[in-house]
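Inspection log for the structure reproduced underneath, given as structure tokens.
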Amino acid sequence: MKVSVFRIGLVGTASFLPLSLIALVVFLTAYSWPAIHYNGLQFLWTNDWNLGNLYGNPVEIHGQQVMPGARYGIRFLVVGTLASSFLALLFALPIAVGAAYFLVEMVPKWLSGPLALLVDLLAAIPSVVFGLWGYALLIPFLGQTVYPWMTQHIGFIPYFGGSAGSGYGLLTTAIVLAFMIIPLISATMREGISAIEPSLKEAGLGLGLNRLEVLWNIILPKLKTTLVGVSILALGRALGETMAVVMVSGNALNYLPNNIYTPISTMAAFIVSQLESALQDPTNMAVEALAEIALVLLLLTVIVNVVARMILWGAKVRS
């Protein structure tokens, strides 16, 4: 009897998180259903978020009560979310992999532990602290010094020219997000590098390869699947970041970035920044549209994490 109770307890505990996820998807779908019905599929690719005349009388469109002139399209949010997250991943990968290799292979054992702990502690820093750091330090420095230099000297490269802006924007957001996902990638890669047979690394060095060539030609091919998996996990982390993005992105509305310095907005940050205004809508359609954004973001994050888990599972099976 005790075994049965214990087993039931384990099943209930293990089922709680997936059931919570399913419940969250069901809740967001049910709550945002009027907005889903009103907006249709063009919600994802139209670029027109307008709460309408909040002081007018509600009108009925497609069987839904909305404010006059209300339109909801989030293409600028989809573009801002994906562009900032992928750019952050592009910045974070070489730094995280290099840090992992340095800590495992090039630092004495007595020092690698404390240094690895310092890297891992970056993951414990609240996102609002990263946002404040970006707002107080990065934005003035990048906007006044780095970005003008970039537009002047490498502006001929597509998306690197044009106005340097004030420091808020896509590139600043990507830099802040990169610092937030580096610990996740670095910790996983440290474990993978440590698990590779020392004889393979020594053989590479014995054949005359330098350490960079050993990393590129021996270690990374062995950890290719792991690297892809952890990259997708880190991408999922970046997709859902909120407060830091609110503070450094510029919170753009209804326009797409024309260079990497342009202000943007992401889905998670937009929900936070627009909730107070949406609550003024007496028909509640604006809040339901925000819930639809949350549903899109949740499904996108779930898909990213499921793909990552499948890749990591496949790597374990093949090994």
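Scored by the side-chain contact (heavy atoms from CB on, under 4.5 Å) test, T283 finds P58, Q65, M67, D281, M285 as partners (sequence neighbours excluded).
No donor-acceptor pair closer than 3.5 Å links the side chain of S112 to the backbone N or O of V107. Between the side chain of Q42 and the backbone N or O of N39 there is at least one donor-acceptor pair closer than 3.5 Å. Side-chain atoms of T172 never come within 3.5 Å of backbone atoms of Y168 as a donor-acceptor pair (strictly under, hydrogens ignored). Of the possible donor and acceptor atoms, none in the side chain of R75 sits under 3.5 Å from a partner among the backbone N and O of G73. Side chain of S85 to backbone of T81: a donor-acceptor contact under 3.5 angstrom is found. Side chain of T242 to backbone of A269: no donor-acceptor contact under 3.5 angstrom is found. Here the side chain of T46 pairs no donor or acceptor atom with the backbone of D48 at under 3.5 angstrom. For S15 (side chain) and G12 (main-chain N/O), no donor-acceptor pair under 3.5 Å exists by modelled atom type.
Shown here for S32 and E292, the closest heavy-atom pair between the two residues is CB-N, 3.5 Å. Contact record, L51 with A286: CD2-CB, 3.6 Å, taken as the closest heavy-atom pair. Taking each heavy atom of L297 and A268 in turn, the nearest pair found is CD2-CB, 3.7 Å. Nearest approach of P263 to A252, heavy atoms of both residues: O-CB, 3.3 Å. The two residues L227 and V230 come nearest to each other via the heavy atoms O-CG1, 3.4 Å. Pairing each heavy atom of I181 with each of A234, the nearest pair is CG2-O, 3.6 Å.
The closest side-chain heavy-atom distance from S84 to L87 is not below 4.5 Å. Side-chain contact between R237 and T301 is absent, with no heavy-atom pair separated by less than 4.5 Å. Side-chain contact between L177 and V245 is present, with at least one heavy-atom pair separated by less than 4.5 Å. For the pair L115/V119, no side-chain contact is recorded, criterion being any heavy-atom separation below 4.5 Å from C-beta on. Side-chain contact check for L239 versus T266: every heavy-atom pair is 4.5 Å or farther apart. With a 4.5 Å cut-off on side-chain heavy atoms, L93 and S231 count as touching. Contact annotation: the side chain of F270 approaches that of L290 to within less than 4.5 Å [non-hydrogen atoms, C-beta and beyond]. Side-chain atoms of L21 and L298, non-hydrogen and from C-beta on, do get closer than 4.5 Å to each other.
Atom OH of Y135 has 12 or fewer heavy atoms from other residues, nucleotides or ligands within 6.0 Å. The number of heavy atoms from other shown groups lying within 6.0 Å of CZ (F179) does not exceed 12. Taking a 6.0 Å sphere around CG of N210, one finds it holds more than 12 heavy atoms contributed by other residues, nucleotides or ligands. Heavy atoms from other residues, nucleotides or ligands lying under 6.0 Å from CD of E276 number 12 at most. Atom CZ of F86 has 12 or fewer heavy atoms from other residues, nucleotides or ligands within 6.0 Å. Annotation for I154: atom CD1 counts as buried by contact number, over 12 foreign heavy atoms lying within 6.0 Å.
Residue T188 holds its OG1 atom at 5.0 Å from CG of L184, rounded to the nearest 0.5 Å. Taking CG from N251 and CD1 from I264, the interatomic distance works out to 9.5 Å, rounded to the nearest 0.5 Å. To the nearest 0.5 Å, the span separating CD on E288 from CG on L28 amounts to 12.0 Å. Interatomic distance, OG1 of T262 versus CG of L171, reported as 10.5 Å (0.5 Å rounding). Here the straight-line distance linking atom CH2 of W133 with atom OG of S127 works out to 13.5 Å at 0.5 Å rounding. Taken from OG1 in T145 to CE in M150, the straight-line distance is 12.5 Å, to the nearest 0.5 Å.
A single hydrophobic cluster is not seen to contain both I22 and V304; linkage of ILVMFWY side chains at heavy-atom distances under 4.5 Å, directly or through other members, places them apart. Residues I95 and I193 do not share a hydrophobic cluster, clusters being chains of Ile/Leu/Val/Met/Phe/Trp/Tyr side chains in contact below 4.5 Å. L44 and Y255 sit in two unconnected hydrophobic clusters of ILVMFWY residues. Membership requires side-chain heavy atoms under 4.5 Å apart, directly or through other members. Linking Ile, Leu, Val, Met, Phe, Trp and Tyr whenever their side-chain heavy atoms come within less than 4.5 Å leaves L118 and L122 in two separate clusters. In the hydrophobic clustering of this structure, V25 does not group with L17; members are Ile, Leu, Val, Met, Phe, Trp, Tyr whose side-chain heavy atoms approach within less than 4.5 Å, directly or through other members.
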Evaluate M247 against V176 for side chain to side chain contact (heavy atoms under 4.5 Å, CB included), listing each step before the verdict. CA-CA 10 Å; M247 300 172 73; V176 172; over 6 Å; no
Could you walk me through whether V214 and L200 pass side chain to side chain contact (heavy atoms under 4.5 Å, CB included), step by step? CA-CA 9 Å; V214 169; L200 290 176; over 6 Å; no
Go through the steps to decide whether I139 and S166 satisfy the test side chain to side chain contact (heavy atoms under 4.5 Å, CB included), and finish with yes or no. CA-CA 7 Å; I139 288 175; S166 61; 5.7 Å; no
Would you sort out whether L138 and I175 count as a side chain to side chain contact (heavy atoms under 4.5 Å, CB included), showing the intermediate values? CA-CA 9 Å; L138 279 186; I175 292 172; 4.0 Å; yes
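With no hydrogens or angles considered, no side-chain donor-acceptor pair links N259 and Y147 at under 3.5 Å.
Classification of the F160-Y261 ring pair by plane angle, with boundaries at 30° and 60°, yields perpendicular. Relative ring orientation between Y72 and W49 is described as perpendicular, the plane-to-plane angle rising above 60° on a 0-90° scale split at 30° and 60°.
Applying the side chain to side chain donor-acceptor pair (under 3.5 Å) test to every pair with at least one member in residues 148-162, sequence neighbours left out, gives these pairs: W149-H153.
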